[in-house]
Amino acid sequence: MSETAHIKLGEQEIDLPVFTGSEGEQSIDINKLRDLTGYVTLDSGFKNTGATKSSITFLDGELGILRYRGYPIEQLAEKSNFMEVTYLLLYGELPTNEQYIEFTDRITRHTLVHEDIKQFFDGFPSNAHPMGQLCSLMCTLSSFYPDALNPHMSANEVDMTITRILAKMPTLVSWIHKKSVGHPIMYPQNKFDYVTNFLYMVFGMRTEEYMPDPVVVDALDKLLILHADHEQNCSTSTVRMVGSSQANAYASVAAGVAALWGPLHGGANQQVIEMLEVIKRDGGNVAKYVEKAKDKNDNFRLMGFGHRVYKNFDPRAKIIKEACDNVLNKLGIHDPVLDIAKQLEEVALRDNYFVERKLYPNVDFYSGIIYRAIGFPTEMFTVLFALGRLPGWLSQWKEMRESGEPIGRPRQIYTGPTQRDYVNIAIR
Ligand code: CMC
């Protein structure tokens with residue numbers, strides 16, 4: 001196989017190196033392209049651009065493969081837990097028992113959030129969107145840990161920053177939920193594991209004993225694993241981009257939260273349930289909404305359908321669909337919205353429009369139904385995605401730092417006016 005890509009541009013001919021990843025993915029290394037030819041590449045949406053080399057997550061969108069550090073997502077979802085997966089993503093290997101205990105202890109000890117942050121938090125209206133609150137609170141944390149602003153901090157300090165962010169995020173998310181329902185916040189309980197503690201802070205009440213149902217703990221743990229990383233998606237690329245300017249980890253993660261909020265990315269999970277509710281209220285006429293999604297004059301899209309890289313099936317969606325049936329059965333819940341989701345999937349998957357465009361249900365299609373069964377309000381769904389994606393953001397931020405990546409600074413092709421002389425029109 002050729003080791004170089006031969007490129008002919010008019011009279012110029014150049015050879016560029018080809019780089020092959022460990023799974024055989026091939027790329028043309030264009031680092032020298034502009035120097036050698038004066039050309040840059042144009043790739044809006046980065047559909048054909050490998051922004052980095054990464055050893056964290058591998059996915060093959062055609063075959064529906066997703067692996068964290070080589071381990072198939074199906075095995076991790078079935079046999080591991082969110083904390084072990086977090087360790088794996090961050091440090092590259094599964095932890096030994098000793099490492100696991102040290103890691104989870106470390107996180108447990110940092111779950112308290114500085115009381116002064118409540119003063120910022122109290123300023124939010126109770127109906128403020130949870131993602132806006134989370135984004136601001138994450139950035140606010142940086143004011144309380146000024147050492148983390150040093151881009152040249154030691155490996156231990158990096159670990160401490162990562163620990164603090166992982167530990168405090170569930171506490172912040174629980175505050176946001178408590179505020180939305182007008183209940184007093186709950187303090188973390190160090191005797192609980194990560195997910196149990198989170199559910200305790202969200203659903204526990206000061207007035208009564210509370211212990212989350214193990215079915216719910218398992219279901220949420222699985223969902224967090226499935227969201228934990230997804231290589232260079234929009235929010236992760238944002239975290240790496242912001243981090244590449246040597247902005248601190250809190251600011252970089254806050255930027256990731258902002259990017260995730262959009263309805264085309266993590267915000268889709270909230271939109272899916274809202275869409276299913278609309279269809280239900282409209283008499284469950286699934287075919288009507290499939291037609292609307294196909295109509296180019298209608299801006300309606302089937303939320304939870306389609307993916308930039310998965311063009312066959314989303315392996316996460318497959319696991320979630322099964323888990324969804326399981327959890328609802330075990331909790332004895334019948335949600336009519338699940339019936340509508342299944343009908344919608346069936347109709348869309350038989351329709352040529354969706355078949356030709358390779359549009360399948362994605363991770364967000366069924367996850368909201370589980371979140372709802374657990375008791376989360378719809379507006380909290382994207383925050384739960386953020387909680388799951390956090391280890392991915394932090395691992396990618398860490399990798400970006402360790403590999404000494406240059407500041408991210410794409411070029412553009414300018415299409416505005418060419419030089420012209422200023423003429424005073426408005427100011428007299
Ligand atoms: N409903 C109807 N048509 C769609 C949909 C949809 N959900 N998704 C894509 N299409 C059509 C689109 O109109 C276009 O048609 P045409 O070629 O005739 O112009 C074609 O399929 C290709 O779509 P695209 O927007 O160019 O594809 P993309 O790779 O830029 O976008 C996407 C991917 C996920 C943003 C898009 O499929 C979408 O908007 N889906 C709905 C939102 C959603 O569920 N987002 C969550 C993604 S998974 C969670 C995550 O990782 O963020």
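Throughout, numbering of the chain's residues begins at 1 and tracks the sequence. In listed order, ligands and their atoms are each counted from 1.
Judged by the 6.0 Å distance and 45° axis criteria, R372 is not positioned over the aromatic ring of F376. In this structure, K321 fails the cation-pi test against F365, since its NZ or CZ atom is not both closer than 6.0 Å to the six-membered ring centre and inside 45 degrees of the ring normal.
Between F121 and F124, the two ring planes are perpendicular [angle over 60°; tilted spans 30° to 60°].
The pair E78-K222 does not count as a salt bridge, with every side-chain nitrogen at least 4.0 angstrom from each carboxylate oxygen.
Inter-residue side-chain proximity for L220 and F198 is flagged as met; some heavy-atom pair is nearer than 4.5 Å. Looking only at side-chain heavy atoms (C-beta outward), L141 and I117 come within less than 4.5 Å of each other.
Taking a heavy-atom cut-off of under 4.0 Å, ligand 1 is surrounded by K47, P263, L264, H265, G266, A268, A293, K296, R301, L302, M303, G304, F305, G306, H307, R308, Y353, R357, L359, N362, V363, D364.
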